[in-house]
Number of protein chains: 2
Amino acid sequence: MTTKATIIRPTPAAVEKKRARRRKEARPSELMAAAIELFIERGYAATRSEDIAARAGVSKATLYLYFEDKEALFKAVITQGVVPILDEGAHLIDEFTGDSSTLLRELLTRWQVRFSASPLCGIPKLMISEARNFPELALYHEKVAYAHARKILGRVIERGVARGEFRSLDQDAVVELLIAPLLMHFIWQHSMGASGCPTVDPTRYLDTHLDLILAGLATQPQPRS
Amino acid sequence: MTTKATIIRPTPAAVEKKRARRRKEARPSELMAAAIELFIERGYAATRSEDIAARAGVSKATLYLYFEDKEALFKAVITQGVVPILDEGAHLIDEFTGDSSTLLRELLTRWQVRFSASPLCGIPKLMISEARNFPELALYHEKVAYAHARKILGRVIERGVARGEFRSLDQDAVVELLIAPLLMHFIWQHSMGASGCPTVDPTRYLDTHLDLILAGLATQPQPRS
DNA sequence: TCCATTAATAACTGTCAGGTCATTATAAAT
DNA sequence: ATTTATAATGACCTGACAGTTATTAATGGA
């Protein structure tokens with residue numbers, strides 16, 4: 001017999017199961033798109049869940065049909081896939097046969113272009129801002145995103161050193177120094193830049209970065225611009 | 001005759017004048033020290049004014065004797081003097097007679113050491129996080145801090161180019177690229193780093209940065225490490 | 001010692017935002 | 001058409017926090 005019990009309200013577990021199913025539909029991605037914009041603009045604490053819902057064109061209560069709470073929404077936003085874009089770079093390495101300077105140039109340019117065209121490039125600013133309020137999330141993000149990018153860049157440097165094209169310097173430091181300007185640029189754009197502070201031209205900036213660092217890495221004097 | 005009016009409460013203007021006088025005493029700097037720590041840790045919105053007061057060892061109401069509101073305290077913290085430290089670098093340039101590579105090395109090292117030893121190095125992270133919530137403040141900070149640093153670095157690059165030591169590249173971009181790794185390092189330390197993410201060794205990082213960028217800037221092939 | 005002035009606070013208030021719930025609209029099924 | 005299941009929401013509740021005020025403690029000058 002069916003336990004036609006006195007319980008009318010569904011159990012919390014059932015509610016969460018339903019939420020998990022719903023999270024794969026269209027509505028949640030609208031909410032997440034709205035959330036990522038607002039979180040990047042204002043930060044986590046200063047963003048009201050009602051505003052997120054409003055921007056997605058639904059009511060606040062609807063948001064809570066799809067996400068357990070504000071924090072779950074934040075985590076969903078942060079853990080959105082940067083990995084596929086990073087992996088495009090990894091494939092580039094596998095296929096590439098030319099010199100490592102050119103490879104490095106192509107790799108960084110690719111990443112810059114791909115991230116610039118997506119809201120994902122706002123995530124560094126967001127993660128930096130909220131890291132101390134969400135330490136586990138920071139560690140997770142470091143592991144799946146930053147460490148991944150470092151590994152890929154590390155392979156290029158190793159390749160260059162092995163082929164006698166690059167000097168052998170402190171590997172970890174070189175990799176950080178390759179990423180830092182890109183990251184800094186994204187971060188600046190989404191914070192100071194968005195408040196009216198001057199920003200450098202992205203392509204000139206990246207070109208100069210590559211020009212400098214490739215000359216600095218090279219074992220032989222390069223043709224100079 | 002003195003207007004012995006019915007007014008018992010002091011006028012808001014008088015209160016503010018009193019606050020301005022008090023702000024030059026010892027208590028406010030304790031409050032600001034506490035505030036800078038907490039703002040950097042948790043961000044502006046997530047920091048409760050009661051916690052700031054508690055860390056400074058006073059009650060919340062006392063805080064409001066010295067600062068009009070939370071925002072005024074935040075602005076006071078941000079506008080704390082980075083300029084003197086930057087100017088140490090400017091003096092270095094004036095006195096220096098050697099080659100520009102060494103000058104650049106000394107300048108960046110000096111800044112790195114001086115900022116690392118002070119809570120001021122947390123301000124970039126704070127400003128980045130809150131720029132969009134305080135646009136005027138972002139512009140002010142850009143003007144008195146970042147633009148100032150850029151100008152000083154610009155002079156060194158010009159000096160190097162004039163003396164035939166440095167290649168002539170996009171001036172603005174080069175300056176950004178000199179600062180970006182330092183800034184990024186401070187920002188990382190105070191966000192991801194503080195959440196347990198691995199951080200590179202500062203001195204190795206700075207050494208490699210200088211090694212790379214000076215080699216990249218140099219007109220003549222340098223002695224290579 | 002007394003008074004006047006200033007420093008400091010505990011207790012309070014109003015507002016605002018996260019989260020819930022009873023109810024209504026919408027779609028599906030028979 | 002009627003029932004059932006699901007999607008969506010307005011109205012509500014509650015805790016937390018910025019900012020205020022009435023009161024007390026400290027200070028100092030005569």
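Chain letters run A, B, ... following the sequence lines, proteins first and then strands; every chain starts at 1.
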(request) Would you mind listing every salt bridge (charged side-chain N to carboxylate O under 4.0 Å, His left out) that reaches into residues 115-133 of chain B, with sequence neighbours excluded? (result) none

(request) Only pairs at least two apart or in different chains count here, so list each salt bridge (charged side-chain N to carboxylate O under 4.0 Å, His left out) that has a residue in residues 183-195 of chain B. (result) none

Measure from [atom1] on [X] to [atom2] on [N] and round the result to the nearest Å.
{"X": "A:L31", "N": "D:dA7", "atom1": "CG", "atom2": "C1'", "value": "13 Å"}
{"X": "B:K70", "N": "D:dG19", "atom1": "NZ", "atom2": "P", "value": "8 Å"}
{"X": "A:E71", "N": "C:dG19", "atom1": "CD", "atom2": "C1'", "value": "14 Å"}

(message) Using the ring pair (Phe, Tyr, Trp, His ring centres under 6.0 Å) criterion, which residues pair with A:F74? Sequence neighbours excluded.
(response) A:F39, A:Y44, A:F134

(message) So, using ring pair (Phe, Tyr, Trp, His ring centres under 6.0 Å) as the criterion, who are the partners of B:H141 when residues are at least two apart?
(response) B:Y146

Do any side-chain atoms of residues 174-189 of chain B form donor-acceptor pairs under 3.5 angstrom with protein atoms, and if so which ones, sequence neighbours left out?
unit_1 : atom_1 : unit_2 : atom_2 : d
B:E176 : OE2    : B:R150 : NE     : 2.6
B:W188 : NE1    : B:P198 : O      : 3.3

(request) Flag the pair A:R110 and A:E106 as a salt bridge only when some basic side-chain nitrogen lies within less than 4.0 angstrom of an acidic carboxylate oxygen. (result) no

(request) Please list, by residue number, the residues of residues 54-67 of chain B whose heavy atoms come closer than 4.0 Å to an atom of DNA chain C; answer none if no residue qualifies. (result) B:V58, B:S59, B:A61, B:T62, B:L65, B:Y66

(request) Within residues 43-52 of chain A, find the residues that approach DNA chain D with a heavy atom at under 4.0 Å, and present them sorted by residue number. (result) none

(request) Only counting residues at least two apart or in another chain, list the ones meeting side-chain contact (heavy atoms from CB on, under 4.5 Å) with B:R42. (result) A:N133, B:L38, B:A46, B:T47, B:D51

(request) Sequence neighbours left out, what passes side-chain contact (heavy atoms from CB on, under 4.5 Å) with B:A90? Give chain and number order. (result) B:D87, B:I152, B:R155

